[in-house]
Amino acid sequence: MEWAPQPPASSRPNFQSRLALLTGVWTASGVAIYVVAPLTAPALLGLAVIAPLAWCWMEGRLPWRTPSAAVAGLAVAGAYILINASWSLSPAEAYTTAALFFAGIGVLHVTATGLSNTPAPALRAMALGLLVGMAVGAAVLCFELLSDQWLRRLLATYHLGLRPNDRHMQVEAGRVTLLQPYLLNRSMAALGLTFWPALLVLERLAMSSRQRGLLLSGLLLTPVAILVSQHGTSKMAFAGAAATYGVGRLSPLLAKRLLIAGWLAATLLVAPIVALAYSNQLHLVRWLDNSVRHRIVIWEYTKNEIAKAPMLGTGISTSRALHSTDLEGVPREPGTDFPLALALHSHNGYLQVWHEAGAVGAVLLLVLGLLVLRAIAAKPPALQPHFYAMFAACALVAASSYSIWAPWFMSALALTPVFAGIGAALLARGEKEPSS
């Protein structure tokens, strides 16, 4: 459909070249900012539609196609989240969550449609920007990990707005002298999620062997950063995704079946699994990391709370409303110093869905995951290992870390397939690896 005036034919090549360069810089900047400062993800999610739509405008085509089954499933889940928000004890946060959820659906649909209509030079610019942004972001994070966050400490010293809460840092004579290592955990999660779309792009983008080697070196800084970091969830998620990728390369069908089995267990059997871990007193095993032992106690307490509203849940973000930072006098789990109280969130997205969205929410989550896996299975074989690894990475990070409703995390889960869409569009355009 024609809907925008075309530039004069003589000026189009130069204009397109400059716009492609701007697109590459735009993408690289956004990706680098995202992995270094993941809390910007909600804003960057909204900005992600600009480049694809700008190129569609350039080509004079209005991108539109019927929403996929996965997008339709997301819309149904979003409708339930909106209804569920009406009985939340944190209605403002719950309705904000619903709004962001629908915004993410819109971005996913628009970018997927826009990328399919974006010309090859623009796709290559986006792909190169994704790889450069990942390399720059990973390099910065490696430096921060090895220098005890020197750069962030310097910026926080001179800009008060960049300082975390007092309990996360030490200040001496106005200088920030210590930032807790876990402040980089979100960046590790963002790096791990974005690695698989970036690997897909690297494999699909035509370039010289020297360029490929240089970009691969930058991309491999991601597992280095994750390994050096203290974020156990990112390490687990990266290892699980890597194993899924390996299986997917050998047998995409086996990878799909394993993921379906894991998804069924995560969504339907999370409560029994938590009960098993607690009944075997894993929270008292001293060789386990303290955060793991604490999570087991949190999971057990949250599991018991599910019985209060098993079908419809207590409402999105209700845990946040009931959470108290004053734990003085609160009973402790026997044999530990872990409080027996509702945490800010359950540190397990599947358990959190059961608690706050009930069995209805859990079933919707189950169906949604199965729809996504079915959509991946319908993709060309060259794409499936990367998408299966991406699915595994997202599922594993959600299993033991952040609140499933955290705005930055919801946005990160949406940005991951947006990035992967660049690689998928390259393949659809016939982009192939060079023979030399």
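Side chains included, hydrogens not; waters and symmetry mates left out as well; all remaining heavy atoms used. Just so it is clear, the structure is predicted and the values come from calculations on it, not from any experiment.
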I'd like to check [X] versus [Y] (side-chain heavy atoms, cut-off strictly below 4.5 Å). Are they in contact?
{"X": "T222", "Y": "M134", "result": "yes"}
{"X": "R153", "Y": "T177", "result": "no"}
{"X": "L202", "Y": "M207", "result": "yes"}
{"X": "V224", "Y": "L220", "result": "no"}
{"X": "I306", "Y": "L351", "result": "yes"}
{"X": "S88", "Y": "E93", "result": "no"}
{"X": "D148", "Y": "L178", "result": "no"}
{"X": "L368", "Y": "V76", "result": "no"}

[X] ring center near [Y] ring center (under 6.0 Å):
{"X": "Y182", "Y": "H168", "answer": "yes"}
{"X": "F419", "Y": "H386", "answer": "no"}
{"X": "F238", "Y": "F195", "answer": "yes"}

Under 3.5 Å: donor-acceptor pair, side chain of [X], backbone of [Y]:
{"X": "T118", "Y": "L123", "answer": "no"}
{"X": "S187", "Y": "V35", "answer": "yes"}
{"X": "N117", "Y": "C56", "answer": "no"}
{"X": "S401", "Y": "A398", "answer": "no"}
{"X": "D337", "Y": "R332", "answer": "no"}
{"X": "Y80", "Y": "A75", "answer": "no"}
{"X": "K303", "Y": "V270", "answer": "no"}
{"X": "Q384", "Y": "G248", "answer": "no"}
{"X": "N185", "Y": "Q230", "answer": "no"}
{"X": "T194", "Y": "L191", "answer": "no"}

For [X] against [Y], the heavy-atom pair lying closest together:
{"X": "S234", "Y": "M188", "result": "OG-C, 3.4 Å"}
{"X": "L221", "Y": "A138", "result": "CB-CB, 3.7 Å"}
{"X": "T97", "Y": "S317", "result": "OG1-OG, 4.3 Å"}
{"X": "A343", "Y": "I298", "result": "CB-CG2, 3.8 Å"}
{"X": "I226", "Y": "G192", "result": "CD1-CA, 3.8 Å"}
{"X": "L108", "Y": "P417", "result": "CD2-CG, 3.5 Å"}

Check: What pairs of residues pass the side-chain hydrogen bond (donor to acceptor under 3.5 Å, both in side chains) test when at least one of them lies in residues 407-420, not counting sequence neighbours?
Finding: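 Not a single pair qualifies under side-chain hydrogen bond (donor to acceptor under 3.5 Å, both in side chains).
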Item checked: side-chain hydrogen bond (donor to acceptor under 3.5 Å, both in side chains) between S346 and W299, intermediate numbers included -> CA-CA 6 Å; S346 64; W299 295 341; 5.6 Å; no
Notebook entry, point to check: Charged N to carboxylate O under 4.0 angstrom, E300 versus R293?
Noted result: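 The answer is no: the pair does not qualify as a salt bridge.
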Next item on the list: Could you tell me whether R152 and E144 make a salt bridge, using a distance below 4.0 angstrom between a side-chain N and a carboxylate O?
Entry: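 No.
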Check: Which residue pairs satisfy the ring-ring contact (aromatic ring centres under 6.0 Å, His included) criterion with at least one member in residues 255-298, sequence neighbours excluded?
Finding: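 Of all non-adjacent pairs touching residues 255-298, those that pass ring-ring contact (aromatic ring centres under 6.0 Å, His included) are W263-Y350, W263-F391, Y278-H283, H294-F338.
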Note to self: Under the criterion salt bridge (charged side-chain N to carboxylate O under 4.0 Å, His left out), I'd like the reasoning laid out for E203 against R249: C-alpha separation, chi angles, the key distance, then a yes or no.
What the structure shows: CA-CA 13 Å; E203 292 182 5; R249 296 285 296 213; 3.4 Å; yes
Next item on the list: Please name all residues satisfying side-chain contact (heavy atoms from CB on, under 4.5 Å) with A69, sequence neighbours left out, ordered by chain then number.
Entry: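 For A69 the side-chain contact (heavy atoms from CB on, under 4.5 Å) partners, ignoring immediate neighbours, are L371, R374.
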Notebook entry, point to check: Can the positive tip of K256 be found less than 6.0 Å from the middle of the six-membered ring of Y388, inside 45° of the ring normal?
Noted result: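 Because its charged atom misses either the 6.0 Å distance or the 45° angle limit, K256 does not stack over Y388.
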